[in-house]
Amino acid sequence: MANDPIHQFQIHDLAGPFHVGGYEISFTNSALFMGVIVATITGILTLASSKRALVPGRLQSVGEMWYGMIDNMVKNVLGEEGKAFFPLVFSLFSFVLVANMLGMFPYFFTVTSHVIVTISLALFVIGLVVAVGLYKHGLGWFKLFVPSGVPLAILPFISLIEIISFLSRPISLGLRLFGNMLAGHIVLKVFAGFVVSLGALGGLGFLGALAPMLMAVALTALEFLVAFLQAFVFAILTCVYLNDALHTHH
Amino acid sequence: MTEPRNPKAPKNPPQPEFGDLPDRLKDLGSRIAAEKSEQVQASKPAPSYQGASDYSKGYRLASEFVAGVLVGGLIGYGVDYVAGTLPLFLIVFLLLGFGAGILNMSRAANRTPPTAEELSKMPKPSALDDEED
């Protein structure tokens with residue numbers, strides 16, 4: 001068990017199997033950590049904004065940078081009228097970021113390492129993009145799939161490709177986050193496993209264990225970078241896709 | 001954004017009945033507006049969100065392509081599953097998905113893809129850079 005790199009991703013019930021209408025809705029470790037994530041975000045941001053000092057302290061600075069970064073991003077990509085989407089983008093970014101960061105703690109469960117979670121988030125974003133596009137442009141929004149200036153002979157193929165391209169957005173959005181987190185955690189665990197099994201040999205094994213030990217330390221730093229970056233990428237792509245829906249150019 | 005701020009100090013001494021208060025308020029308003037436009041200007045030409053890291057960029061391009069092929073293959077398999085013509089549409093849509101993946105990648109690299117007319121008008125590839133946002 002100690003060396004099984006997949007074991008950390010297993011889902012198990014914490015509170016006995018509940019069933020509603022043929023579906024299982026048990027309280028799993030994944031659900032527990034989603035609750036922890038939300039509690040962490042709420043706790044940090046409440047503490048950060050509780051003092052409201054004119055000259056921010058450390059925690060308040062973190063809160064202000066957190067807010068300011070997403071605010072800037074939404075303004076840069078979506079423009080002023082995108083202000084309405086700030087709460088959504090901020091929530092998405094915070095959830096993914098804290099999920100990734102909590103996953104870096106030993107023995108903690110990484111919610112975003114499950115494809116169902118990331119794809120659900122991505123499908124929600126794309127569903128919103130479609131809804132906003134239809135709301136803003138009506139049925140004319142579907143002109144998105146019919147680029148202008150294309151010869152009639154190849155238009156059906158181009159439209160099909162455009163449709164596939166659009167449908168692949170949630171897949172790429174969800175898979176990227178999932179893949180990064182899963183791969184990172186497995187690699188980290190494998191290298192850490194090398195350290196343990198080499199070190200158990202004693203003597204020369206201790207020397208041999210040094211190399212994977214250094215790798216594990218370096219990978220941990222890289223994983224923190226990836227954890228932040230993937231949350232950032234998720235948020236920025238949400239903005240980019242929403243921008244497509246808001247300002248469709250034919 | 002390097003111009004010195006224009007304080008427009010009031011020449012006349014403040015009257016006891018606050019006669020210049022409207023002036024000072026207007027002055028403050030214009031100074032705040034100037035400051036704000038400076039901030040917007042300063043933040044505009046820095047697309048720092050884009051080049052956050054080459055690592056993520058590479059990952060993004062790869063996943064865009066894979067997603068295109070994957071979705072194409074899935075649609076093709078779905079059509080075949082319904083119509084019972086197994087290899088036919090799988091092959092067709094895999095190829096289309098390949099095209100969609102390339103399209104995705106070029107879009108991810110360019111942010112705003114040029115339309116067909118823009119492409120025909122475009123003098124040289126470097127003009128792409130001006131299309132950003």
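These figures come from a predicted structure and were not determined experimentally.
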Residues pairing under side chain to side chain donor-acceptor pair (under 3.5 Å) where one sits in residues 211-221 of chain A, two or more places apart or in two chains, turn out to be none

Side chain to side chain donor-acceptor pair (under 3.5 Å) pairs touching residues 86-103 of chain B, sequence neighbours excluded, are none

query = So how far is it from A:Ile171 CD1 to B:Glu64 CD, rounded to the nearest 0.5 Å?
reply =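 Between A:Ile171 CD1 and B:Glu64 CD, I get 11.5 Å after rounding to 0.5 Å.
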
More than 12 foreign heavy atoms under 6.0 Å from [atom1] of [X]: is that the case here?
{"X": "A:Met34", "atom1": "CE", "result": "yes"}
{"X": "A:Lys51", "atom1": "NZ", "result": "no"}
{"X": "B:Phe98", "atom1": "CZ", "result": "no"}

Next item on the list: Using only heavy-atom distances, determine whether the side chains of B:Asn104 and A:Ser172 contain a donor-acceptor pair under 3.5 Å.
Entry: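 No - no donor-acceptor pair under 3.5 Å links their side chains.
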
Point to revise | Structural part of B:Leu103 lying under 4.5 Å from a heavy atom of chain A | key: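 Side chain only.
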
For residues 153-165 of chain A against chain B, heavy atoms under 4.5 Å, the residues are A:Phe157, A:Leu160, A:Ile161, A:Glu162, A:Ile164, A:Ser165

_Sorted by number, residues from residues 72-94 of chain B in contact with chain A (heavy atoms, under 4.5 Å)_ =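 Hits under 4.5 Å: B:Gly72, B:Ile75, B:Phe93.
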
